[in-house]
Amino acid sequence: MVSVRLPDGKTLEVAAGTSVAELLPRVHSRVARDALAARINGRVVDLATRLNDPQVELEALMPSEAGALEVLRHSAAHVMAEAICALWPQTRLVYGPPVENGFYYDIDLDHSLTPDDFARIEAKMAEIVAADRPFTRYEMPRSAAMEKLRREGNIYKIDNAERAEGDTLSFYVTGAADSGCWEDLCRGPHVPSTGRIGAIKVMQVAGAYWHGDASKQMLQRVYGTAFATKKELAVYLAQVEEARKRDHRKIGPELGLFATDPMVGTGLILWKPRGAVLRLTLEAFIREELLRRGYQPVFTPHIGKLDLYRTSGHFPYYKDSQYPPLYESDRARLLNALWELARTGGAAGATPAEVELFAQIARQHPDLQAAGYPADLPVEERLRRIRQWLAAEDGYLLRPMNCPHHIRIYGSEARSYRDLPVRLAEFGTVYRFEQSGEVGGLTRVRGMTQDDAHIFCTADQLADELAGCVDMAKHVLDVMGLTQYRVRASLRDEGDKYVGSTENWQKAEAAILDVCRNSGMEWFIGRGEAAFYGPKIDFLVKDCIGREWQLGTVQCDYNLPERFELRYIGADNREHRPVMVHRAPLGSIERFCGILIEHFAGAFPLWLAPVQACVCTVSEKSADYARQVFRLCQQANLRVELDDSGERIGSKIRTATLLKTPYVLVIGEQEAAEGRVNVRTRDGRQLGSCGIAEFLAGCAAQIATRSLELPGA
RNA sequence: GCCACCGUAGCUCAAUUGGCAGAGCAGCGGUUUUGUAAACCGCAGGUUGCGGGUUCGAGUCCCGCCGGUGGCUCCA
């Protein structure tokens with residue numbers, strides 16, 4: 001006998017070998033009818049699973065539960081794969097898991113699927129669903145299963161099977177066992193039958209590398225979504241549609257915030273007056289915080305010598321994603337090429353290619369000819385020598401980060417432990433030559449401004465400084481009402497992109513994890529997400545189509561102070577190495593604005609709105625008074641516009657409302673006579689007649705508190 | 001960078017199997033003096049992203065490029 005414990009605490013006794021499906025009618029008739037899968041001792045399984053252990057905890061998964069939806073979508077992926085195979089028999093299936101909001105199936109198919117094919121695929125899927133065929137699981141010993149897969153010859157499935165754990169491999173037939181119906185190597189679990197998938201839709205097709213490896217061939221990834229009912233699908237599609245309407249790439253230009261221009265360049269943002277006001281307002285908010293938190297402002301240029309970035313490590317580790325260096329001379333360009341060759345060449349002695357390149361350069365330059373190439377010396381010495389030759393005429397790099405400049409400010413004077421922490425802040429503009437396929441909107445750009453700062457402190461001060469930075473990052477998100485974010489502790493992985501000693505990394509990662517633990521916030525670990533110089537804490541926020549972006553960041557760095565040989569004099573009168581914190585609460589201002597536009601759907605709170613009020617005349621008769629109101633608003637530092645055009649008042653209100661202007665001040669003869677204003681909000685509320693001073697005071701109060709709401713009537 | 005889709009006036013969209021590039025809004029000029037989301041009349045606006053090709057004829061078909069979009073890879 002098997003003792004089955006249900007979520008409500010009740011216990012049922014059933015014969016060993018009873019399936020979950022057979023047992024469910026004893027739980028509840030509706031559960032028996034609707035359950036899609038079950039959770040046994042925490043593991044999600046098919047309803048056909050037979051119970052054998054003497055004691056089990058059992059929970060039926062109903063269609064409304066997230067766990068069930070995942071199973072249903074996995075089953076939907078099978079149905080889609082079967083449909084595609086039916087239409088294109090040469091299809092080779094790769095991998096088809098459920099994902100957030102749906103599922104996908106990677107396939108290898110010579111025919112490129114297009115949206116035109118979706119209707120055919122969906123029609124075929126509808127047939128399979130209508131047939132209501134059972135999902136039947138069967139298992140084979142690993143060796144027999146491998147033999148079967150090799151016979152079938154799908155290299156991808158063989159690969160999947162080789163990666164799968166366990167002595168047996170499982171297959172799912174979309175039909176009765178031995179029915180000859182379509183089947184797939186699959187761990188499961190699945191819903192009982194295809195008919196249980198109430199609604200499926202093929203969403204899109206995209207390329208995806210096999211194993212996510214860019215050196216492997218590209219497969220086609222067909223995305224779909226599925227729900228238990230057509231109504232739920234319709235609701236989801238409507239939500240997607242609604243979310244798309246807030247896309248900053250659409251409403252940003254519509255609201256006159258920014259433009260992009262192929263003539264200027266991909267990923268280079270032109271901030272128009274309204275967008276510039278938004279930015280400046282955000283920056284003013286940040287500046288206020290910086291002042292309160294003991295930061296000191298600095299200004300530094302947008303470019304620097306290549307050698308600065310050789311020292312920091314930015315160049316050439318990130319060569320591919322930097323704008324190409326600017327060279328003063330051909331000689332510098334060639335010497336830099338030599339430097340790169342030497343860097344990646346032989347550690348002990350120069351490679352022939354290296355020697356040949358030097359000879360080529362030296363032919364044009366007698367001084368180098370005379371100096372000769374130290375081909376037999378170790379790589380460090382060769383590199384040092386090349387940098388010496390370059391010193392007089394090195395190239396310049398458009399800066400990819402601000403830290404090297406700030407580091408040189410720290411290094412520009414002797415520092416005492418009494419000065420620490422030194423917190424240097426700048427809205428620093430950086431340039432990164434992002435891959436063309438990545439650039440888009442405001443969220444991934446090639447020129448951006450960070451609300452950057454670098455803190456130089458002692459090891460003892462580090463924990464407090466990191467905590468202070470996390471606090472500020474949380475605070476700015478809080479002020480914006482951005483509550484839906486995830487926090488990631490970004491640590492290093494086994495990759496080779498990192499600089500510095502293991503000891504430095506261990507100290508830095510310990511510091512980052514300590515701050516996370518002590519912060520009281522929820523967080524997760526992201527291996528391989530660290531910066532090349534240190535681990536970080538990243539604040540991630542989703543955009544309107546569900547993509548997650550890093551906004552704020554707090555980074556701990558023992559390595560750059562070492563590379564730049566930074567120091568301070570301690571209380572012991574000896575030299576010590578400071579620790580650095582890199583931090584940007586907004587991250588990139590471009591990206592932050594993109595997210596902010598979508599967060600507010602363009603309807604910014606009063607304190608952020610590029611134009612806070614529009615004074616609209618009813619007719620020319622009230623124009624003089626309207627101009628007076630306009631001027632009073634201006635003098636009260638309200639960002640205000642005047643519409644005294646010949647349009648009708650309805651049209652003016654419509655125009656201002658479409659621009660999401662928080663307040664329209666309707667000015668007619670009545671208002672002029674009374675010396676008042678008539679206030680209407682962008683959400684269509686008529687707040688009625690109001691004294692000018694009263695209106696301005698109300699606005700001032702909202703702005704001062706950075707209120708997220710426009711006040712009610 | 002890779003795979004795919006898209007590109008007609010500032011915006012939203014039309015244009016039969018390849019057969020004269022059009023409308024609304026925005027803009028400009030008039031008329032109207034207006035009361036809470038679109039007054040009326042008129043005018044102008046285009047090398048159909050760019051460049052080649054096929055064809056008697058290309059917005060439409062083919063090739064290349066540019067730009068945008070969705071993914072993948074990358075993201076200091």
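Order of the sequence lines fixes the chain letters, A, B, ..., with proteins taken first and strands second; residue numbering starts at 1 for each chain.
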Next item on the list: Would you classify A:G650 as touching base, sugar-phosphate or nothing, given that sugar-phosphate means primed atoms plus P, OP1 and OP2, and contacts are heavy atoms under 4.0 Å?
Entry: sugar-phosphate
Next item on the list: To the nearest Å, give me how far apart CZ (A:F433) and P (B:A76) are.
Entry: 18 Å
Check: Hey, what do you get for CH2 (A:W339) to CZ (A:R310), rounding to the nearest 0.5 Å?
Finding: 5.5 Å
Notebook entry, point to check: Using atom C1' of each nucleotide, how far apart are B:G42 and B:G64 to the nearest Å?
Noted result: 45 Å
Margin query: Applying a 4.0 Å non-hydrogen cut-off, can you work out what A:Q220 is touching in the nucleic acid: base, sugar-phosphate, or nothing?
Written below: nothing
Check: Just checking A:Q322: base, sugar-phosphate only, or nothing, at a heavy-atom cut-off of under 4.0 Å?
Finding: base
Checklist line | Which residues share a side chain to side chain donor-acceptor pair (under 3.5 Å) with A:E494, sequence neighbours left out | finding: none
Next item on the list: Give A:I649 one of three labels, base, sugar-phosphate or nothing, depending on what nucleic acid heavy atoms sit under 4.0 Å from its own.
Entry: sugar-phosphate
Next item on the list: Indicate, with a heavy-atom threshold strictly under 4.0 Å, whether A:G313 touches base, sugar-phosphate, or nothing.
Entry: nothing
Note to self: Closer than 4.0 angstrom, basic N to acidic O: yes or no for A:R527 and A:D493?
What the structure shows: no
Notebook entry, point to check: What is the distance from CD1 of A:I653 to C1' of B:A37, rounded to the nearest Å?
Noted result: 8 Å
Notebook entry, point to check: When all nucleic acid strands are considered with a 4.0 Å heavy-atom cut-off, which category describes A:Y533: base, sugar-phosphate, or nothing?
Noted result: sugar-phosphate
Notebook entry, point to check: Looking only at atom C1', what distance separates B:A23 and B:A14, rounded to whole Å?
Noted result: 7 Å
Margin query: Can you tell whether the side chains of A:D247 and A:R249 come within less than 4.0 Å, N to carboxylate O?
Written below: yes
Next item on the list: Write down the distance separating the C1' atoms in B:G49 and B:U69, rounded off to the nearest Å.
Entry: 15 Å
Next item on the list: Could you encode protein contacts along nucleotides 66-71 of chain B as a string, one character per nucleotide from 5' to 3', using B for base contact, S for sugar-phosphate-only contact and - for no contact, with a heavy-atom cut-off of under 4.0 Å?
Entry: -SSSBB
Margin query: Heavy atoms only, 4.0 Å cut-off, all strands: where does A:K652 land among base, sugar-phosphate and nothing?
Written below: nothing
Check: Mind checking who B:A39 pairs with, Watson-Crick or G-U wobble, both distances under 3.5 Å?
Finding: B:U31
Margin query: Once you apply a heavy-atom cut-off of 4.0 Å, does A:Q450 come out as touching a base, just sugar-phosphate, or nothing?
Written below: nothing
Notebook entry, point to check: Watson-Crick or G-U wobble partner for B:G18, using a 3.5 Å limit on both distances?
Noted result: none
Notebook entry, point to check: Taking atom C1' of B:C50 as reference, at what distance in whole Å does atom CE of A:M263 sit?
Noted result: 12 Å
Notebook entry, point to check: Quick one: the side chain of A:E254 and the base of B:G10, do they pair up donor-acceptor inside 3.5 Å?
Noted result: no
Notebook entry, point to check: Are side-chain N/O atoms of A:S645 and A:E647 paired as donor and acceptor at under 3.5 Å?
Noted result: no
Margin query: With a 3.5 Å cut-off and heavy atoms only, can you find an N or O donor on one side and an acceptor on the other between the side chain of A:S321 and the base of B:A76?
Written below: yes
Margin query: At 4.0 Å (heavy atoms only), tell me whether A:D213 reaches a base, stays on the sugar-phosphate, or touches nothing.
Written below: nothing
Item checked: Phosphate OP1/OP2 of B:C75: any A:R591 side-chain N/O under 4.0 Å -> no
Margin query: Under a 3.5 Å cut-off for both contacts, is B:U8 paired Watson-Crick or G-U wobble with anything, and if yes, with which nucleotide?
Written below: none
Item checked: Pair A:E465 + A:R423: basic N to acidic O under 4.0 Å -> yes
Next item on the list: Could you check whether A:S651 gets within reach of a base, just the sugar-phosphate, or nothing at all, counting any heavy atom under 4.0 Å?
Entry: sugar-phosphate
Next item on the list: Using the P atom on both, measure B:G45 against B:G29 and round to a whole Å.
Entry: 16 Å
Item checked: Pair A:Y410-A:F564, ring pair (Phe, Tyr, Trp, His ring centres under 6.0 Å): steps then yes or no -> CA-CA 10 Å; A:Y410 177 88; A:F564 281 93; over 10 Å; no
Next item on the list: Could you measure between the two C1' atoms, the one in B:U55 and the one in B:U12, and give it in whole Å?
Entry: 33 Å
Notebook entry, point to check: Which of these nucleotides, B:A37, B:A39, B:G35, is closest to any side-chain atom of A:E647?
Noted result: B:A39
Next item on the list: Please state whether the rings of A:Y309 and A:H314 are parallel, tilted or perpendicular, taking 30° and 60° as the class boundaries.
Entry: perpendicular
Next item on the list: Mind calculating the distance between NE2 (A:H111) and C1' (B:A4) to the nearest angstrom?
Entry: 11 Å
Notebook entry, point to check: Below 3.5 Å, does any donor atom in the side chain of A:R648 face an acceptor in the base of B:C40, or the other way round?
Noted result: no
Next item on the list: Test A:K507 against A:L462 for side chain to side chain contact (heavy atoms under 4.5 Å, CB included), laying out the working first.
Entry: CA-CA 11 Å; A:K507 280 192 285 186; A:L462 180 62; over 6 Å; no
For residues 617-625 of chain A, which side-chain donor-acceptor pairs fall under 3.5 Å, sequence neighbours excluded?
{"unit_1": "A:T617", "atom_1": "OG1", "unit_2": "A:D643", "atom_2": "O", "d": "3.3"}
{"unit_1": "A:T617", "atom_1": "OG1", "unit_2": "A:K652", "atom_2": "NZ", "d": "2.6"}
{"unit_1": "A:S619", "atom_1": "OG", "unit_2": "A:K621", "atom_2": "N", "d": "3.1"}
{"unit_1": "A:S622", "atom_1": "OG", "unit_2": "A:S619", "atom_2": "O", "d": "3.1"}
{"unit_1": "A:S622", "atom_1": "OG", "unit_2": "A:I667", "atom_2": "O", "d": "2.9"}
{"unit_1": "A:D624", "atom_1": "OD1", "unit_2": "A:R627", "atom_2": "NH2", "d": "3.0"}
{"unit_1": "A:Y625", "atom_1": "OH", "unit_2": "A:G675", "atom_2": "O", "d": "3.3"}
{"unit_1": "A:Y625", "atom_1": "OH", "unit_2": "A:R676", "atom_2": "N", "d": "2.9"}
{"unit_1": "A:Y625", "atom_1": "OH", "unit_2": "A:R676", "atom_2": "O", "d": "2.8"}

Checklist line | Same-atom distance (C1') from B:A9 to B:A21, integer angstrom | finding: 11 Å
Checklist line | Listed nucleotide nearest any side-chain atom of A:H314, set B:G1, B:U33, B:A76 | finding: B:A76
Note to self: So, does A:T114 get its side chain near the phosphate of B:A4, meaning an N or O under 4.0 Å from OP1 or OP2?
What the structure shows: no
Next item on the list: Using the C1' atom on both, measure B:G51 against B:C75 and round to a whole Å.
Entry: 34 Å
Check: B:G7 and B:G46: how far apart are their C1' atoms, nearest whole angstrom?
Finding: 15 Å
Checklist line | Pairing partner (Watson-Crick or G-U wobble, both distances under 3.5 angstrom) of B:G46 | finding: none
